[in-house]
Amino acid sequence: MKVYNTLSRSIEEFTTLQPGRVSMYVCGPTVYAKAHIGHAMSALVFDIIRRYLEFKGYEVNHVMNFTDVDDKIILRAREKRMDPFALGEMYIREFEEHLIAFNILPATVNPRATREMDQIIKMISGLIEKGFAYPVDGDVYFRVTKDRGYGILSGRRIDDMQSGYRIDVDARKEHPMDFALWKAAKPGEPAWDSPWGKGRPGWHIECSAMNLNHLGEQIDIHGGGNDLIFPHHENEIAQSESFTGKQFARYWIHNGMLQLSGEKMSKSIGNLISIEEFLANHSADTLRMLVLNSGYRNPLSYSEEILTQAERAIDRLRSSLKPALPGAAGISREGVEVLSKQVIASEQGFIQSMDDDFNSSGALASLFELVRVINQARADGATDEQLSTAQQKLLDLTGVLGLTLQKTEETGHAADGFIDLLIEIRKDLRANKLWELSDKVRDRLAELGVVLEDSKEGTSWHWK
RNA sequence: GGCGACGUGGCCAAGAGGCUAAGGCAAGGGUCUGCAAAACCCUGAUCAUGGGUUCAAAUCCCAUCGUCGCCUCCA
């Protein structure tokens, strides 16, 4: 198995610290607002990776955090006249519901910054002792110049960055690039006791502490959006490695950004689609299919057109799961042979693609080949029994990708009898060649979302 | 200004030195059908542009143009 590692900017052979086990930390959201589908995309990417690792037989220890204390949360809570903790709690609960809706497997642990204060303080103290950090007026800063490896992930040199005019100059910092590990509390803000006075942790140290606490000094995979590479992940490396003296994460995996009208979907630009909004109009599989088709590292341009394409692609996968034609007579031994050979070929192709840096787009191609062969067999008259192995394989493999292929429509059985009745009546109409009336029944049912399909053996129907 | 990613048929997207450049969507033609729908069959790209390396390049190198991300909070 090969994986693209941001750290080396190249594809590397994947090996784990412990045989058969993968420790994976993924940066979750800061809970200060409704999540948008960019957040969902990131969670989906790592869900797909996690599912595939499990398919490969690894036991995955998957940690995804919630940043539940931060400037924005405090600001937002003040605006809404809410308690910042209650605000965070609300959005965490909402996000967890979204994860379920998207068929994203629950992480092994979902730690929260506010519950990791001991570890955070311990780490900051340790960094100060080792000379990697210094307190000033109740704040604590990381001493970037002391860390010789600083810039290794993002490929930046401290000197290059120094020339940037965007860095705010704070006279209390030794170097403009030094970043906060601990921030002294202003009146009215949530605060915790520390050796440096009341305050709260900086964003970066939270993740370092949660990693250490839940996965240990070294982890296999650290993931997140590629917008986190700098400064967040760079700083995490600086903190963790300075503290432990060991290499922190072995593979850094970053997903590309979801874009809307040519720009990254983000709060500040305001070009976002909330998860709520998305799910009101589309199935969870749709977004997953979008992600699967595009490749996790590439930017993904969101548009109505591409959404339709994804939905049609899902229909295509589903088409192969339909039962045999009514009155199917069965196909020849050679035909069955072709089908079972394709099952093997598709599974191999699937694995080969996914092994190559989770090439889900290539993996899908293998699945669509299986779809074609299944449909060919059905058209040739294969029975349900003859189709079942291939169909089961397709379900298994789409399941590895996290697709459910379920109909969103969960209509009660109540309507079924009426539809059957209409079909029965229409059958008589057709027998008497009353085409106009029979077409009217079909058209009106179509308007109601019921699709009729006539065949020699009779009429079948399904919800659109 | 610095760092990085990318540009493959109408759209999305694999492929990363050499077999017919995957697959999906859309389109056109056909089979089936009373007509449809579904399914099946058939049809299309020389790979942003210009140089170069090589027996051989979409794949490597250089340049140009273009798009996007990061450099401030961000999945």
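Every chain is numbered from 1 and lettered A, B, ... according to where its sequence line falls, protein lines coming before strand lines. Computed from heavy atoms alone, side chains included, the values below leave out hydrogens, waters and symmetry copies. Everything numeric here is computed off the predicted structure, so don't read it as measured data.
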Quiz item: Judged by atom type as modelled, is there a donor-acceptor pair below 3.5 Å linking the side chain of A:Glu13 to the main-chain atoms of A:Met1?
Solution: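 The answer is yes, because a donor-acceptor pair under 3.5 Å joins these two groups.
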Would you please confirm or rule out a distance under 4.0 Å between OP1 or OP2 of [N] and any side-chain N or O of [X]?
| X | N | value |
| --- | --- | --- |
| A:Asn359 | B:G15 | yes |
| A:Arg312 | B:A26 | yes |
| A:Asn375 | B:C40 | yes |
| A:Arg318 | B:G24 | no |
| A:Lys264 | B:C70 | yes |
| A:Ser154 | B:G4 | no |

Quiz item: For A:Phe368 and B:G24, do the ring centres fall under 5.5 Å apart while the planes stay under 30° apart?
Solution: no
Tell me the interatomic distance from [X], atom [atom1], to [N], atom [atom2], rounded to whole angstroms.
| X | N | atom1 | atom2 | value |
| --- | --- | --- | --- | --- |
| A:Arg372 | B:C42 | CZ | P | 8 Å |
| A:Asn255 | B:C70 | CG | P | 13 Å |
| A:Trp252 | B:G4 | CH2 | P | 19 Å |
| A:Arg297 | B:A13 | CZ | C1' | 14 Å |

How would you label the contact of [X] with the nucleic acid (heavy atoms, under 4.0 Å): base, sugar-phosphate, or nothing?
| X | result |
| --- | --- |
| A:Leu367 | nothing |
| A:Gly262 | sugar-phosphate |
| A:Ser361 | base |
| A:Gly224 | sugar-phosphate |
| A:Asn65 | nothing |
| A:Ser319 | sugar-phosphate |

Nucleotide paired to [N] in any strand shown, Watson-Crick or G-U, under 3.5 Å:
| N | answer |
| --- | --- |
| B:C32 | none |
| B:A58 | none |
| B:A22 | none |
| B:A27 | B:U43 |

Quiz item: Do A:Asn375 and A:Arg372 meet the criterion of a side-chain donor-acceptor pair at a distance under 3.5 Å?
Solution: no
Quiz item: Using atom C1' of each nucleotide, how far apart are B:G10 and B:A45 to the nearest Å?
Solution: 11 Å
Exercise. Rounded to whole angstrom, note down the C1' distance from B:A75 over to B:A38.
Key: 39 Å
Would you say the side chain of [X] and the base of [N] hold a donor-acceptor pair, judged only by whether the two atoms sit under 3.5 Å apart?
| X | N | value |
| --- | --- | --- |
| A:Gln259 | B:C68 | no |
| A:Asp454 | B:C35 | yes |
| A:Glu369 | B:G23 | no |
| A:Arg157 | B:G2 | no |
| A:Arg442 | B:A36 | yes |
| A:Asp439 | B:G34 | yes |

Quiz prompt | Shortest side-chain distance from A:Leu228, nucleotide among B:G24, B:A13, B:A75 | solution = B:A75
Quiz item: How many angstroms lie between atom CD of A:Gln348 and atom CG of A:Asp355, to the nearest 0.5 angstrom?
Solution: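 Going from CD on A:Gln348 over to CG on A:Asp355, the span is 11.5 Å.
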Quiz item: Pick the nucleotide of RNA chain B nearest each of A:Gly295 and A:Trp435; which residue has the one closer to the 5' end?
Solution: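 Of the two residues, A:Gly295 wins.
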Exercise. Indicate yes or no: does A:Lys2 engage A:Glu12 in a salt bridge with an N to O separation below 4.0 Å.
Key: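 A salt bridge is absent here (no side-chain N lies under 4.0 Å from a carboxylate O).
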Quiz item: Does a salt bridge link A:Asp70 with A:Arg200, judged by any charged N lying under 4.0 Å from a carboxylate O?
Solution: no
